[in-house]
Structures are given as structure tokens and as C-alpha cells.
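In what follows, a structure is listed as C-alpha cells, so that the remarks can point back to it.
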Number of protein chains: 2
Amino acid sequence: MAPPSKPRRATVHDVAAAAGISRGTVSRVLNGGYVSAEARAAIEAAIAQVGYVPNTAARNLVMRRSQAVGFLALEPHSLLLDDPNIGAIMLGANEVLSVADHQMVNLVVDSARDTERVARYLSGGFVDGAIIVSARTHDPITRVIAELGLPATFVGHPPDLHRSIPFVGIDNVGSARAITTRLAATGRRHLAMIAAALDRDSGADRLTGFREALGDRFDPRLVAEVPLYDYASGVKGMRELLAREPRIDGVFAASDAVAAGALEVLRDAGRTAPADVGVVGFDDSTWALRTQPPLSTVHQPAREIGRNAAELVLRQLRGEEPAPGNVLLPTPIVWRDSA
Amino acid sequence: MAPPSKPRRATVHDVAAAAGISRGTVSRVLNGGYVSAEARAAIEAAIAQVGYVPNTAARNLVMRRSQAVGFLALEPHSLLLDDPNIGAIMLGANEVLSVADHQMVNLVVDSARDTERVARYLSGGFVDGAIIVSARTHDPITRVIAELGLPATFVGHPPDLHRSIPFVGIDNVGSARAITTRLAATGRRHLAMIAAALDRDSGADRLTGFREALGDRFDPRLVAEVPLYDYASGVKGMRELLAREPRIDGVFAASDAVAAGALEVLRDAGRTAPADVGVVGFDDSTWALRTQPPLSTVHQPAREIGRNAAELVLRQLRGEEPAPGNVLLPTPIVWRDSA
DNA sequence: TTGTATGCGTTATCAT
DNA sequence: ATGATAACGCATACAA
């Protein structure tokens with residue numbers, strides 16, 4: 001039961017032999033260099049004939065680069081299944097990497113075992129750079145990347161440790177402040193917040209913005225803390241809030257999914273939005289248009305975020321000076337019917 | 001403005017020098033072989049000291065494998081943004097690849113340019129195998145994989161051309177037939193279907209199952225064809241159906257997202273489920289519990305699908321005989337309140 | 001058990 | 001413009 005011996009694939013050597021020309025010249029037509037028209041024709045014919053395809057491992061070894069950029073998704077559960085923006089960010093990043101002829105390689109980190117393996121992968125020269133989304137402070141992968149000096153970009157706030165790595169994101173504090181102010185301007189008196197993912201910068205920042213907007217009127221009792229940005233957390237948070245203070249007439253949910261959950265609880269409690277209570281979300285994700293009524297929310301330019309993140313690592317790859325700084329993208333408020 | 005010269009990383013040579021031992025022995029402690037305890041200790045110390053990390057490109061070159069498996073997501077738009085199962089499939093695949101010490105590499109194909117680049121990537125020996133989800137018939141990538149003889153597994157029906165590549169999936173025809181029958185058993189008289197993605201096997205199969213279940217009572221006029229498995233398509237399809245035949249009292253939506261869209265249209269039209277019209281979906285995705293009322297639907301064991309797909313390529317990698325066959329996973333019907 | 005030597009498939013440097 | 005030849009970093013068959 002011997003393993004099926006892999007069919008040896010044609011090499012530069014083979015095509016050189018088939019074309020009756022030296023390997024050096026073959027390499028030249030592959031990578032672009034001075035080569036006569038006839039030689040080129042002969043070689044191209046030979047390539048097609050023997051079915052040659054370059055061995056990237058060999059190329060990487062000698063070139064010292066892989067033309068690939070890693071896209072690291074940490075915390076895949078909440079990320080891949082719940083985060084409404086991750087897909088758009090990936091697509092945006094892939095767009096610009098693609099035109100730059102770089103392969104985007106998506107790496108999922110789902111366990112300690114994954115962490116170690118991915119660290120090896122990154123160290124192994126499989127990628128020239130990395131985009132890291134939703135890193136947590138002190139994440140081991142982050143440390144590896146920093147130590148490796150691998151060109152990288154964070155999506156969202158970077159862990160404080162590695163200020164050498166730029167990030168692209170949005171101004172969560174400012175956006176939260178803005179939409180809270182807008183909500184208050186509709187004449188609500190008892191404003192509450194369902195604050196999610198406080199262990200992530202985005203979550204903490206949104207709460208900060210909410211507090212700043214309210215100033216003196218901020219009431220810590222009207223903040224429900226929930227673990228995730230998802231629907232179930234919205235349900236849980238809204239229930240808590242209602243139990244604590246029935247007179248609530250406005251709520252800022254940390255994400256659209258959370259807002260959707262809150263709306264359901266409100267409906268079950270016989271209160272309608274926006275008449276009885278105004279509800280606003282965050283993300284402008286697909287959720288926003290699925291709820292009844294459609295959500296007023298903060299628009300996140302997810303695709304643009306992805307594009308910028310990719311741009312930032314490419315810039316580092318090109319060794320451009322000065323080192324790229326962080327970029328904050330604008331987040332327009334989208335006002336619909338929920339408040 | 002010279003590009004920052006990459007700091008040369010320590011090699012086997014360096015650690016051999018630091019330990020005062022030959023490279024061969026170093027390689028042996030790395031890969032497991034006969035080596036004395038003292039030599040091992042000295043080398044491990046040296047490794048830590050010089051900060052050695054193996055160069056995977058070099059290792060791949062000589063070993064002729066990468067310990068990586070590609071996860072190809074074709075049609076990323078509908079897939080990454082709308083497909084409710086893709087995340088779970090990925091996680092399932094990653095689980096088993098991870099314990100087998102293989103790196104899952106997620107490749108997104110979003111354009112012709114991507115297609116070509118990914119083909120190069122695969123040919124380049126970056127991966128030892130591939131998992132392909134939602135391939136279309138005659139997809140160029142599929143051809144490349146078949147020609148390369150790269151161990152692979154399809155998720156979902158494989159293109160007819162390459163029967164050499166196994167697939168793991170569900171019995172779409174049977175499942176659709178089953179849930180349609182169940183829906184009919186609730187006493188509905190005018191059963192319609194919103195058929196999505198008929199250019200994919202899953203889409204076509206679900207329609208076939210619907211037709212089979214109805215037999216003589218099948219009315220082609222009551223089938224609305226929509227392009228995607230998403231919410232918007234559900235809205236569109238349901239509007240069409242209602243316009244064609246207002247007496248509809250039962251609808252089979254090709255996916256939960258489609259069903260959700262259909263429910264909204266029904267609600268706007270003043271008809272309630274399940275009283276006026278029974279609605280069933282497909283997937284048992286997160287959508288199913290978000291709708292009002294919760295959906296009766298067909299459960300897809302997404303995580304298991306991912307696990308099995310990974311298992312199938314690993315088996316090929318090990319060169320096991322006989323070649324693995326296709327696997328069809330069971331799809332229990334989950335009956336909730338929408339019909 | 002350990003050291004030596006060779007090859008993996010490319011690119012790059014040097015003559016020619 | 002082209003042909004030899006030396007790396008690239010590692011694993012391994014063979015010799016010691």
C-alpha cells in the first residue's frame with residue numbers, strides 16, 4: 001500500500017532540455033529579461049509541451065518572498081459567524097492585494113494549537129505581511145509578528161504594546177458620541193446603553209463615547225454590559241435594562257445585531273420604536289434593514305477599511321518612507337426609522 | 001530610500017555553529033531521529049539562543065509538501081456575506097486539519113485575476129490539498145486541480161467532469177422532497193416555491209425535490225426563480241408569487257434567508273404565518289430563529305460537513321486505499337412555528 | 001550516534 | 001543575448 005508516488009512535475013531543467021536552451025534563459029523569459037524572440041518562442045512552446053508550472057517553494061527560497069499576505073482572523077467564532085463586517089473587510093483587502101498581484105491567505109486561529117501553528121506558518125516565510133483583525137491585547141500572535149518584524153496592519157485598535165504596527169479603523173468614541181447626541185436630540189430623557197465586548201477596544205470606546213455625550217446626565221445604572229456583539233446579547237441586555245428602569249425611552253446598542261435583539265424584547269414588552277423608545281445601533285450592517293423598523297445607526301465603511309489595511313501593508317512591503325501612520329475612516333450616521 | 005534590508009534569520013547552520021555540532025544532527029533533533037541526550041540539550045539551548053525558526057520554504061522544497069490545505073471559496077460575494085453555513089464549515093474543517101497539524105489556508109476567488117493567481121498558488125506547491133466549496137461546473141480552478149492531481153474534496157455536488165474528486169454534502173433532492181411533503185401534510189392546497197441559485201447543484205436539486213414531492217399537483221407557475229440564496233431574493237420571489245397567484249397558502253423557500261424575505265412580504269401583504277400561509281426554509285441557519293415566527297426548516301450539519309471534507313483530503317494525503325467515496329450527511333427536519 | 005555530501009527547483013552573478 | 005555556476009535553507013542517504 002505505498003502512497004501514490006507524486007508524479008514529478010516538469011522543472012525549468014526539463015523545459016530547457018525540451019527547448020534545447022539553457023536554464024538561465026528559461027528563467028529569463030519567465031521573469032522578464034533580455035531574450036531573443038526566437039529563443040522566447042522556442043521556450044514558450046516547450047513550456048506548453050511539458051506542462052511546466054513554476055515551483056513556488058523554490059522561488060520563495062531564493063527570492064525571499066512569497067507574494068502572499070496573511071489575513072488573520074482571531075476569535076473566529078464571533079468573527080466568522082457573527083461579525084457582519086468581516087466579510088466586507090476581507091473582500092476589500094483582497095481587492096487591493098489582488099491588483100498588486102499578492103495572494104491573500106486567510107488564517108483562522110481557533111485554539112492554542114492553531115496559535116502555535118499559525119505562528120510557525122508566519123515565521124516560515126509563507127507570507128510577506130499580515131493584516132490582523134480584532135486582536136486582543138497581549139495576543140501571542142501579535143507578539144510573534146512584532147518580533148519577526150513582519151510588515152503588518154491592525155484592523156481596529158492595536159494592542160498598546162506594539163505602536164510600531166499601524167492600524168486602520170474608525171473613531172469609535174467620536175461615532176458613539178455623535179449618535180448618542182443625535183438620539184438625545186429627539187427629546188428622550190432616559191437614555192440607556194447596551195455595551196458589548198468591553199474587552200475589545202471598539203466595545204470600550206463606544207461606551208466612552210456614550211458617556212461623554214451624556215456628561216452629567218450619564219447614569220451608570222442604565223448601562224447593561226454584555227459579552228458579544230450579537231443578537232442574543234441584545235436580548236439579554238434589553239431585559240436587564242427594562243428590569244432596572246422601565247421608564248427608558250432611548251437605547252444605544254453597541255451593534256446592529258444587539259439592537260435587533262433589543263427591539264424584539266421591546267416588542268414583546270409591548271413597547272414600539274420609535275414611539276415609546278428610540279433605538280440606535282452601530283455598523284450599518286445587513287441587520288439594519290432587516291429590523292422592523294429599520295435601524296438608525298453608524299455606518300462602518302467595512303470595504304474601505306479592508307482596502308486601506310491592505311494598502312498599508314503593501315506600503316511597508318515597498319519600504320516606503322516615512323512609515324505609514326494610522327488611518328481613521330469617516331463614519332456617517334444613517335438615520336432611519338428606529339429613533 | 002533603500003527598502004529596509006530584511007534581517008537575516010538564523011538558520012540550521014547558525015545553531016549548529018553555536019552548539020558546536022553538525023547541521024545534520026540539528027536537523028535530526030528537529031525532525032526526530034537518533035540523537036544523544038547531551039547533543040539534544042546543547043542544540044535546544046542553541047536554538048533558543050540564536051532564535052532559530054525553520055524556513056518553511058526550504059523545508060517544503062526538499063520535503064515536497066507544505067502541511068497546508070487550501071480552502072477555496074468561490075463566488076465570495078454571496079458566499080462570505082450571505083451564506084450562513086460557510087463559517088461553520090470552515091471551522092469544522094479547521095478543527096480536523098488542526099489536530100492533524102495542517103494549516104488551513106483560506107483562498108478567496110473574487111475575479112478573473114484572482115482565478116489565475118490562485119491557480120498559480122495551487123500549482124506552486126503551497127498546499128498539499130484543497131477543499132472547494134460551491135464550485136460551479138467548468139470552473140477553471142476545478143480544472144487546474146484535476147490536472148494537477150491535487151488531493152481535493154468538494155463541498156456540495158462536484159462538477160460532473162471530475163468524478164475522481166470526492167465530495168461531501170447533503171441529499172438536497174431528498175431533503176427538499178421531505179420538507180415539501182411535510183408542508184403539504186399540514187393541509188395546504190396551493191404550494192409554491194422560491195427557487196434560488198438554479199445554476200448551482202444545490203439550487204437545482206432543491207427544486208427537483210419540490211417537484212417530486214408534489215407529483216401531479218406540481219404547478220410550474222408557482223415557482224419563482226431568483227438568483228441568490230439571500231434575503232433580497234426572498235422578497236423579490238415572494239412578490240412575484242403573490243402577484244401570480246394570491247391564493248398561495250404554502251411556500252418552500254430555498255434557504256432560510258430567502259424564507260425571511262418572503263415572510264416580510266407576506267406580513268406587508270397582511271398575511272400571517274402559519275395561519276394564512278405556511279413557510280418553510282432550508283439550512284437551519286441563524287436566520288431560522290430570528291424570524292417571526294421561527295422557521296420550520298431543514299437542518300444542515302455544517303460543521304460536520306467541514307470536518308468530513310477535511311477528513312477526506314487527509315485520507316488522500318495519506319494515500320489510503322481504496323480511494324475515498326462521496327459522503328452524504330443526514331439532514332433532519334426541524335419543525336418550528338412558521339408552518 | 002554523528003558528520004559529510006548531495007539534491008530539491010529557482011534566481012542571480014558572472015563570464016562569454 | 002546566452003550559458004555555466006553558485007547560492008537559498010533544509011533533509012537525508014551514506015560513511016564513519
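First the proteins, then the strands, lettered A, B, ... as listed; each starts at 1. These numbers come from the heavy atoms of this one structure, side chains and all, not from hydrogens, waters or symmetry mates.
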Identify the pairs formed between an N or O of the protein and an N or O of nucleotides 3-5 of chain D at a distance under 3.5 Å, and give each distance.
{"unit_1": "D:dG3", "atom_1": "OP2", "unit_2": "A:Ser22", "atom_2": "N", "d": "3.0"}
{"unit_1": "D:dG3", "atom_1": "OP2", "unit_2": "A:Ser22", "atom_2": "OG", "d": "2.9"}
{"unit_1": "D:dG3", "atom_1": "OP2", "unit_2": "A:Thr25", "atom_2": "OG1", "d": "2.8"}
{"unit_1": "D:dG3", "atom_1": "N7", "unit_2": "A:Arg28", "atom_2": "NH2", "d": "2.9"}
{"unit_1": "D:dG3", "atom_1": "O6", "unit_2": "A:Arg28", "atom_2": "NH1", "d": "3.4"}

Tell me: [atom1] of [X] to [atom2] of [N], nearest whole Å?
{"X": "B:Phe126", "N": "C:dG9", "atom1": "CZ", "atom2": "P", "result": "16 Å"}
{"X": "A:Arg40", "N": "D:dT2", "atom1": "CZ", "atom2": "C1'", "result": "14 Å"}
{"X": "B:Arg65", "N": "D:dC10", "atom1": "CZ", "atom2": "C1'", "result": "13 Å"}
{"X": "A:Met63", "N": "C:dT10", "atom1": "CE", "atom2": "C1'", "result": "9 Å"}
{"X": "B:Asn55", "N": "D:dC8", "atom1": "CG", "atom2": "C1'", "result": "8 Å"}

- Message: If you assign A:Ala58 and B:Ser36 each to the DNA chain C nucleotide with the nearest heavy atom, which residue ends up on the more 5' nucleotide?
- Response: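 The 5'-side residue here is B:Ser36.
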- Item | Point-to-point distance, once rounded to the nearest 0.5 Å, from CG of B:Asp114 to CG of B:Leu72 |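 One gets 11.5 Å once the value is rounded to the nearest 0.5 Å.
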- Item | Straight-line distance of B:Asn308 CG to B:Leu329 CG, nearest 0.5 Å |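 So the CG of B:Asn308 and the CG of B:Leu329 are separated by 5.0 Å.
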- Task: Please report the shortest heavy-atom distance between A:Met104 and B:Leu107, naming the atom on each side.
- Result: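 Of all heavy-atom pairs spanning A:Met104 and B:Leu107, the closest is O-CD1, 3.7 Å.
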- Of all heavy-atom pairs between A:Val313 and A:Ala130, which one has the smallest distance, and what is that distance?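 Closest pair (atom of A:Val313, atom of A:Ala130, distance): CG1-O, 3.8 Å.
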Choose from [options] the nucleotide whose nearest atom is closest to any side-chain atom of [X].
{"X": "B:Tyr34", "options": "C:dG9, D:dA11, C:dT1", "value": "C:dT1"}
{"X": "B:Ala39", "options": "D:dG9, C:dT11, C:dT2", "value": "C:dT2"}
{"X": "A:Asn31", "options": "C:dT10, C:dT11, C:dT2", "value": "C:dT11"}

- Message: Which label fits B:Phe126 and B:Tyr121: parallel for a plane angle under 30°, tilted from 30 to 60°, or perpendicular past 60°?
- Response: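 Tilted: the ring planes of B:Phe126 and B:Tyr121 meet at 30° to 60°.
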- Message: For A:Ser66, give me all partners under side chain to side chain donor-acceptor pair (under 3.5 Å), at least two apart in sequence or on another chain.
- Response: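 Checked A:Ser66 against side chain to side chain donor-acceptor pair (under 3.5 Å); matches are A:Asp128.
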- Task: Check whether more than 12 heavy atoms from other residues, nucleotides or ligands sit under 6.0 Å from atom CZ of B:Arg117, and answer yes or no.
- Result: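 Yes, the 6.0 Å shell around CZ holds more than 12 heavy atoms from other groups.
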- Of A:Leu61 and A:Glu38, whose nearest nucleotide on DNA chain D comes first from the 5' end?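 Nearest nucleotide further toward 5': that of A:Glu38.
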- Message: Base, sugar-phosphate or nothing for A:Val53? Non-hydrogen atoms, less than 4.0 Å.
- Response: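 The answer is sugar-phosphate, as A:Val53 gets under 4.0 Å only of primed atoms, P, OP1 or OP2.
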- Query: Which is true for B:Val35 with a 4.0 Å heavy-atom rule: it touches a base, it touches only sugar-phosphate, or it touches nothing?
  - Reply: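 Contact class for B:Val35: sugar-phosphate only.
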- Message: C:dG9, OP1 or OP2 - any side-chain N/O from B:Arg64 closer than 4.0 Å?
- Response: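 Yes, B:Arg64 has a side-chain N/O under 4.0 Å of OP1/OP2 on C:dG9.
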- State, with a plain yes or no, whether a side-chain heavy atom of B:Gln67 is found less than 4.5 Å away from one of B:Asp101.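 Sidechains of B:Asp101 and B:Gln67: in contact.
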- Task: Go through the steps for A:Gln316 and A:Arg318 under the test side chain to side chain contact (heavy atoms under 4.5 Å, CB included), then give the verdict.
- Result: CA-CA 5 Å; A:Gln316 294 173 68; A:Arg318 290 190 295 256; over 6 Å; no
- Quantified as the angle between the terminal helix axes (five pairs each), what is the overall bend of the helix from C:dT1-D:dA16 to C:dT16-D:dA1 to 10 degrees?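 Here the local axes at opposite ends form an angle of 40°.
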